[in-house]
Amino acid sequence: MPTKHPGICPHCREKVSPVIIEENIIRRDKCECPTCKGIVFTCRTPGCDDYTKGGSAYDEELCPACTKTLADGAGTVISAATGVLISAAVAAAAAKMSKDD
C-alpha cells in the first residue's frame, strides 16, 4: 500500500507515514494513521509536513500546530488593533476637550 511522507498524526501525536486509503487528484488524499487508525489528511499550510483530522462531516484544513500558530497570530493582530482603537479614542476625546475650552 502506498504511504505519504512522515508527519505528526493529530490523533495520536506520533510521527507516522500514513497509508493512502483513497487517492484523490483534485483534493487531498484520504489517509489512515498506521498507529491509531485515525483518518488524516495533509495540512494545507505550505511547507508543513504534518496532518489534519478527518471526520465524517468535515475534514480539518490545518494541523493542530498551524491552527495554534494562526490563532496566536490573530490574537496579536487583535491586540494591536485594540491598542490603535484605544489610542484613537483617547486622541479624539482630547481633541474634543480642547475644542470645548
Side-chain angles (χ1 to χ4, degrees):
M1 295 186 118
T3 61
K4 294 293 245 182
H5 60 275
I8 304 296
C9 171
H11 298 286
C12 64
R13 305 278 190 215
E14 296 290 325
K15 188 160 190 146
V16 297
S17 292
V19 176
I20 299 171
I21 56 175
E22 188 177 302
E23 208 168 346
N24 197 321
I25 295 170
I26 298 172
R27 300 163 88 189
R28 298 178 291 175
D29 293 338
K30 184 176 184 178
C31 303
E32 181 181 76
C33 173
T35 304
C36 69
K37 305 299 182 205
I39 300 299
V40 297
F41 293 87
T42 56
C43 180
R44 290 203 187 265
T45 303
C48 181
D49 290 332
D50 293 337
Y51 293 93
T52 68
K53 289 181 179 179
S56 59
Y58 177 77
D59 303 321
E60 293 182 5
E61 301 296 321
L62 304 177
C63 68
C66 290
T67 300
K68 182 178 181 336
T69 301
L70 184 64
D72 290 347
T76 303
V77 170
I78 290 169
S79 296
T82 302
V84 169
L85 289 174
I86 290 171
S87 298
V90 168
K96 179 155 176 42
M97 289 173 59
S98 67
K99 275 187 181 179
D100 291 343
D101 289 338

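These numbers were taken from a predicted model, which means no experiment stands behind them. Positions are given from 1 along the sequence.
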Side-chain heavy-atom pair Ile8, Tyr51 within 4.5 angstrom cut-off | no
For Glu22, check side-chain hydrogen bond (donor to acceptor under 3.5 Å, both in side chains) against everything at least two apart and list the hits.
-> none
Would you indicate whether the side-chain heavy atoms of Asp59 and Ile39 approach each other to under 4.5 Å?
-> no
Point-to-point distance, once rounded to the nearest 0.5 Å, from CD of Glu32 to SG of Cys9 = 10.0 Å
Heavy-atom closest pair, residues Glu60 and Arg28 = O-NH2, 3.0 Å
The side-chain contact (heavy atoms from CB on, under 4.5 Å) partners of Pro34 (sequence neighbours excluded) come to Val16
Spacing of Lys15 atom NZ and Asp50 atom CG [to the nearest 0.5 Å] = 7.5 Å
Which value, rounded to the nearest 0.5 Å, describes the distance between Arg13 atom CZ and Cys36 atom SG?
-> 11.0 Å
Just jot down the salt bridge (Lys or Arg N to Asp or Glu O under 4.0 Å) partners of Arg44, sequence neighbours excluded, or say none.
-> Glu61
Asn24 side chain to Asp29 backbone, donor-acceptor under 3.5 Å | no
Between Val40 and Pro10, is any pair of side-chain heavy atoms under 4.5 Å apart?
-> yes
Taking all non-hydrogen atoms of both residues, which atom of Leu62 and which atom of Leu70 are closest, and how far apart?
-> CD1-CD2, 3.9 Å
One should read off an interatomic distance between Ser17 OG and His5 NE2, to the nearest 0.5 angstrom, of 8.5 Å
Side-chain heavy-atom pair His11, Thr35 within 4.5 angstrom cut-off = no
